[in-house]
Amino acid sequence: QVHLMESGGGLVQPGGSLTLSCAASGSIFRVNTMRWYRQTPGKQRELVALITPGKNTNYAGSVKGRFTISRDNAQNTVYLQMDSLKPEDTADYYCNIDGWDARDVFHTYWGQGTQVTVSS
């Protein structure tokens with residue numbers, strides 16, 4: 001049983017910043033890739049950023065240069081620092097963590113989502 005606890009969403013003006021956090025707790029044994037997705041009504045969930053165990057990163061073109069994904073392996077936590085926010089960044093943001101349990105079975109876990117609204 002693994003639970004992902006998200007926090008950090010809210011309302012911010014264009015040009016502002018927010019930091020999202022997602023911490024995994026429970027029985028996960030070895031964490032693999034960590035990701036952030038976002039979704040707006042009527043649109044497919046979009047991959048925003050990912051970070052590998054070796055801390056290699058990839059970003060969607062729409063956020064590159066503005067968002068930074070990072071991870072704390074000791075705390076099983078992934079962060080998304082969002083700067084220079086734009087109205088089109090408004091969405092529900094979901095963290096995603098995959099990895100192996102103690103029996104070496106691979107799993108994918110999702111956070112409950114946190115709302116980010118960028119509006120003047």
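Keep in mind it's a predicted model, so treat the numbers as computed, not measured. Residue numbers start at 1 and run along the sequence shown.
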Query raised in the report: Would Met82 and Tyr93 satisfy side chain to side chain contact (heavy atoms under 4.5 Å, CB included), going step by step from the backbone distance to the final call?
Result: CA-CA 12 Å; Met82 303 183 294; Tyr93 284 72; 4.0 Å; yes
Query raised in the report: Any ion pair linking Arg38 and Asp89 (charged N to carboxylate O, less than 4.0 Å)?
Result: yes
Report task. Measure the acute angle between the ring planes of Tyr94 and Trp110, then classify it against the limits of 30° and 60° as parallel, tilted or perpendicular. Result ->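 Rings of Tyr94 and Trp110: perpendicular, as their planes differ by over 60°.
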Requested in this report: Test side-chain hydrogen bond (donor to acceptor under 3.5 Å, both in side chains) on Asp101 and His107 and set out the steps.
Outcome: CA-CA 7 Å; Asp101 64 20; His107 301 276; 2.9 Å; yes
[atom2] on [Y] to [atom1] on [X], rounded to 0.5 Å:
X: Ile51; Y: Asn56; atom1: CD1; atom2: CG; result: 8.5 Å
X: Thr19; Y: Gln81; atom1: OG1; atom2: CD; result: 3.0 Å
X: Leu11; Y: Thr117; atom1: CG; atom2: OG1; result: 6.0 Å
X: Met5; Y: Gln112; atom1: CE; atom2: CD; result: 9.5 Å

So, for [X] and [Y], which heavy atoms are closest and what is the spacing to 0.1 Å?
X: Val78; Y: Cys95; answer: CG1-CB, 4.4 Å
X: Ala91; Y: Gln39; answer: CB-O, 3.5 Å
X: Ile97; Y: Met34; answer: CG1-CG, 3.9 Å
X: Thr33; Y: Arg71; answer: CA-NH1, 4.3 Å
X: Ser17; Y: Val12; answer: N-CG2, 3.8 Å
X: Lys64; Y: Tyr59; answer: CE-O, 4.0 Å

Report task. Take Thr77 and Asp72 through the test side-chain hydrogen bond (donor to acceptor under 3.5 Å, both in side chains) and record every step on the way to the result. Result -> CA-CA 5 Å; Thr77 301; Asp72 183 338; over 6 Å; no
Query raised in the report: Are Val116 and Leu18 close enough, and set up right, to give a side chain to side chain contact (heavy atoms under 4.5 Å, CB included), and what steps lead you there?
Result: CA-CA 9 Å; Val116 173; Leu18 286 173; 3.9 Å; yes
Query raised in the report: How far apart are the C-alpha atoms of Leu4 and Val2, what are their side-chain angles, what is the distance that settles it, and do they pass the side chain to side chain contact (heavy atoms under 4.5 Å, CB included) test?
Result: CA-CA 7 Å; Leu4 304 187; Val2 173; 4.1 Å; yes
Query raised in the report: Side chains of Thr114 and Glu6: do they bring a donor and an acceptor to under 3.5 Å?
Result: no
Requested in this report: Measure from the ring center of Trp100 to the ring center of Phe106 and say whether it is less than 6.0 Å.
Outcome: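 Centroid distance Trp100-Phe106: below 6.0 Å, so yes.
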Query raised in the report: Do any N or O atoms from the side chain of Thr90 and from the backbone of Val118 form a donor-acceptor pair under 3.5 angstrom?
Result: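 The answer is yes, because a donor-acceptor pair under 3.5 Å joins these two groups.
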Query raised in the report: Does Tyr109 belong to the same Ile/Leu/Val/Met/Phe/Trp/Tyr cluster as Tyr79, with side-chain heavy atoms less than 4.5 Å apart forming each link?
Result: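 In one cluster with Tyr109: Tyr79, no.
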Any side-chain heavy atom of [X] sitting closer than 4.5 Å to one from [Y]?
X: Phe67; Y: Asp83; answer: no
X: Ser119; Y: Pro87; answer: no
X: Leu80; Y: Thr68; answer: no

**Report entry** side-chain hydrogen bond (donor to acceptor under 3.5 Å, both in side chains) between Ser120 and Gln13, worked out
**Finding:** CA-CA 5 Å; Ser120 57; Gln13 294 184 352; over 6 Å; no
**Report entry** Ile69 vs Trp36, side chain to side chain contact (heavy atoms under 4.5 Å, CB included): CA-CA, chis, key distance, verdict
**Finding:** CA-CA 8 Å; Ile69 188 171; Trp36 286 98; 3.7 Å; yes
**Report entry** side-chain hydrogen bond (donor to acceptor under 3.5 Å, both in side chains) between Asn32 and Arg30, worked out
**Finding:** CA-CA 7 Å; Asn32 193 45; Arg30 181 158 60 95; 5.7 Å; no
